[in-house]
Student: 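Quick one: this structure, given as structure tokens, is what I'll be asking you about.
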Protein chains: 2
Amino acid sequence: MQSIPKEKISMASEGLRAISHELRLSVLCHLLNGSMCVAELIEATGASQSNLSQHLAKMRLMGILNNEKRGQQVYYRIANPAFAELVEALQKIYCPEMCNFVLTEDALEER
Amino acid sequence: MQSIPKEKISMASEGLRAISHELRLSVLCHLLNGSMCVAELIEATGASQSNLSQHLAKMRLMGILNNEKRGQQVYYRIANPAFAELVEALQKIYCPEMCNFVLTEDALEER
DNA sequence: AAGATATATTATCATTTGATAATATAATGG
DNA sequence: CCATTATATTATCAAATGATAATATATCTT
């Protein structure tokens, strides 16, 4: 029988843990539709500025997101398509009725 | 724009958190191939008896696994196919070369 | 009934995680 | 340059998580 390499399990669980936080997952879901700046994410998620900023930093450090400064604002987007896929797999399970709407063509392109 | 219902996010993140632990994920991966008793899982994962037992209990309480006593042993299996799907999505990302082997026909049936 | 084996439960403790509040940095408009 | 706006960073503290060790329970064998 094939056994799963311990290192892969470790990496995968790290990846999962990164997106298993309610706020971080929420951010990811919103970013499926394309990039957003911090202020928009604050508005969308209801998180405090400081709290959100820290979670964004964490996701950036993990390679899940990347960001780009445009003037005063910083725009975040999903850096690693694998995480977009994961979130989509999740959505299929937890809110299947929504998948078709969230992933518009535009979103897929801009992402 | 569609926004994701807060409650769904909460449920999804809870589900993710449940499988984002290295040992729990390892158990799930092994159970993709069909049910196993605790002793086999101890052997397969290298965890201590007590530690594994607690994680199994947690997964059972969350509806991820269920168990069946056969004589002295307790056999665990994946109760909710959604979690099997999630783990497979994960595997596609983290060890794509392995997916075809892990999911044999037999395994799919017994599961 | 008395070990022996398989698994579960409980208590305890260290570590990690996450939220808040406060402060810092950087860009813009006047 | 100064004030304002947007975002990041740091310190601090409470809560959650997880590992270990010890003990309990249930089943089997003899």
Side-chain angles (χ1 to χ4, degrees), chain A residues 6 9-31 34-79, chain B residues 6 9-31 34-79:
Chain A
K6 185 155 174 50
I9 297 263
S10 176
M11 289 177 54
S13 67
E14 199 181 336
L16 278 180
R17 208 170 50 243
I19 68 172
S20 70
H21 185 277
E22 204 164 321
L23 178 51
R24 292 195 294 268
L25 181 58
S26 179
V27 165
L28 269 178
C29 287
H30 285 288
L31 292 181
S35 69
M36 293 172 75
C37 74
V38 176
E40 291 169 330
L41 286 169
I42 289 175
E43 160 76 13
T45 63
S48 78
Q49 186 270 317
S50 171
N51 194 16
L52 178 62
S53 182
Q54 290 175 74
H55 285 290
L56 290 174
K58 182 173 288 193
M59 289 194 275
R60 187 164 33 83
L61 289 176
M62 297 201 59
I64 300 173
L65 304 181
N66 58 27
N67 58 8
E68 179 194 358
K69 194 154 194 171
R70 293 186 214 155
Q72 245 174 136
Q73 5 268 354
V74 179
Y75 281 80
Y76 281 82
R77 54 162 49 203
I78 297 179
Chain B
K6 187 156 174 46
I9 297 263
S10 176
M11 288 177 55
S13 68
E14 199 181 336
L16 278 180
R17 207 171 51 243
I19 68 173
S20 70
H21 185 276
E22 205 163 319
L23 178 50
R24 291 194 295 266
L25 181 57
S26 179
V27 166
L28 269 179
C29 288
H30 285 289
L31 292 181
S35 69
M36 294 172 76
C37 74
V38 176
E40 291 170 330
L41 286 169
I42 289 175
E43 160 76 13
T45 63
S48 78
Q49 186 270 317
S50 170
N51 194 15
L52 178 63
S53 183
Q54 290 176 73
H55 285 290
L56 290 174
K58 183 174 288 192
M59 288 195 274
R60 187 163 33 82
L61 288 177
M62 297 199 61
I64 299 174
L65 304 181
N66 57 30
N67 60 7
E68 178 194 359
K69 195 155 194 169
R70 293 187 214 155
Q72 243 174 136
Q73 5 267 355
V74 179
Y75 281 80
Y76 281 83
R77 53 161 50 203
I78 297 180

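In what follows, chains are A, B, ... by sequence order, proteins preceding strands, each numbered from 1.
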Student: Roughly how many Å is it from CD1 in B:I42 to P in C:dT5, rounded to a whole number?
Tutor: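 Rounding to the nearest Å, CD1 of B:I42 and P of C:dT5 are 14 Å apart.
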
Student: Atom CG of A:L23 to atom P of C:dT20: distance rounded to whole Å?
Tutor: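 About 10 Å, once rounded to whole Å.
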
Student: Students often get this wrong, so: under 4.0 angstrom with heavy atoms, is B:Q73 touching a base, only sugar-phosphate, or nothing?
Tutor: sugar-phosphate

Student: By nearest atom, which of the nucleotides D:dA26, D:dA19, D:dT17 is closest to the B:R17 side chain?
Tutor: D:dT17

Student: Once rounded to the nearest 0.5 Å, what's the spacing between atom CG of B:L31 and atom CD of B:E40?
Tutor: 10.0 Å

Student: Please examine the side chains of B:L52 and B:V27, heavy atoms only from C-beta on, and report whether any two atoms are closer than 4.5 Å.
Tutor: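 A side-chain contact exists here, since the closest heavy-atom pair is under 4.5 Å.
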
Student: Looking only at the side chain of A:N51 (C-beta and beyond, no hydrogens), which of the listed nucleotides C:dA19, D:dA19, D:dT7 gets closest?
Tutor: C:dA19

Student: Indicate whether the side chain of B:S50 and that of B:Q54 have a donor and an acceptor atom separated by less than 3.5 Å.
Tutor: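 Yes.
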
Student: Is the shortest side-chain heavy-atom distance between B:V38 and B:S53 below 4.5 Å?
Tutor: no

Student: In whole angstrom, give the distance that lies between atom CG of A:L41 and atom P of D:dA8.
Tutor: 10 Å

Student: Can you find a pair of side-chain heavy atoms, one from A:Y76 and one from A:N66, that are under 4.5 Å apart?
Tutor: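 No, side chains not in contact.
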
Student: Whole Å only: how far is the OH atom of A:Y76 from the P atom of D:dA6?
Tutor: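 Taking atom P of D:dA6 as the reference, OH of A:Y76 is at 15 Å.
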
Student: Among the nucleotides D:dT17, C:dA8, D:dT7, which one has an atom lying closest to any side-chain atom of B:V38?
Tutor: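 In terms of side-chain proximity for B:V38, the closest of D:dT17, C:dA8, D:dT7 is C:dA8.
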
Student: Taking atom types as they are modelled, would you say the side chain of A:Q72 forms a donor-acceptor pair with the base of C:dA26 within the 3.5 Å cutoff?
Tutor: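 Side chain to base: no pair below 3.5 Å.
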
Student: Mind grabbing the angle between the end helix axes of the helix from C:dA1-D:dT30 to C:dG30-D:dC1? Five pairs an end, 10° rounding.
Tutor: 20°

Student: Atom CD of A:E22 and atom C1' of C:dG18: how far apart are they, to the nearest Å?
Tutor: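 Computing the A:E22:CD to C:dG18:C1' distance gives 13 Å.
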
Student: Whole angstroms only, please: what is the CG-P distance between A:L52 and C:dT20?
Tutor: 12 Å

Student: Hey, does the side-chain of B:Q54 have a donor or acceptor N/O within less than 3.5 Å of a partner on the base of D:dT20?
Tutor: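 Answer is yes: a donor-acceptor pair is held.
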
Student: Any side-chain heavy-atom pair from A:K6 and B:E22 closer than 4.5 angstrom?
Tutor: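 Yes, side chains in contact.
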
Student: Which nucleotide wins on minimum distance to the side chain of A:L56, given the candidates C:dA8, C:dA19, D:dA8?
Tutor: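 Closest of the options to the side chain of A:L56: D:dA8.
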
Student: Would you indicate whether the side-chain heavy atoms of B:R24 and B:I19 approach each other to under 4.5 Å?
Tutor: no

Student: Is the shortest side-chain N to carboxylate O distance from A:R77 to A:E68 below 4.0 Å?
Tutor: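 Between A:E68 and A:R77 there is no salt bridge, as every charged N stays at least 4.0 Å from the carboxylate O atoms.
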
Student: In whole Å, I'd like the distance from the OH atom of B:Y75 to the P atom of C:dA8.
Tutor: 13 Å

Student: Please list residues of residues 58-67 of chain A whose heavy atoms come under 4.0 Å from any atom in DNA chain C, ordered by number; otherwise none.
Tutor: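 Under 4.0 Å from DNA chain C: A:K58.
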
Student: Check every atom of D:dT7, C:dA21, C:dT17 against the side chain of A:S50 and return the nucleotide holding the closest atom.
Tutor: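 It is C:dA21.
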
Student: Would you mind reading off the distance between A:H21 atom NE2 and D:dT17 atom P, rounded to a whole angstrom?
Tutor: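 My rounded result for the distance is 11 Å.
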
Student: Kindly compute the distance separating CE (B:M59) from NE2 (B:H21), expressed to the nearest 0.5 Å.
Tutor: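 Result: 9.5 Å between the selected atoms.
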
Student: Respond yes when some side-chain nitrogen or oxygen of B:R24 is under 4.0 Å from OP1 or OP2 of D:dG18, and no when none is.
Tutor: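 Answer yes for this pair, as a side-chain N or O of B:R24 is under 4.0 Å from OP1 or OP2.
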
Student: Rounded at 0.5 Å granularity, tell me how far OG in B:S13 sits from CG in A:L28.
Tutor: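 Here the interatomic distance stands at 12.0 Å.
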
Student: Is any side-chain N or O of B:H55 closer than 4.0 Å to OP1 or OP2 of C:dT9?
Tutor: no

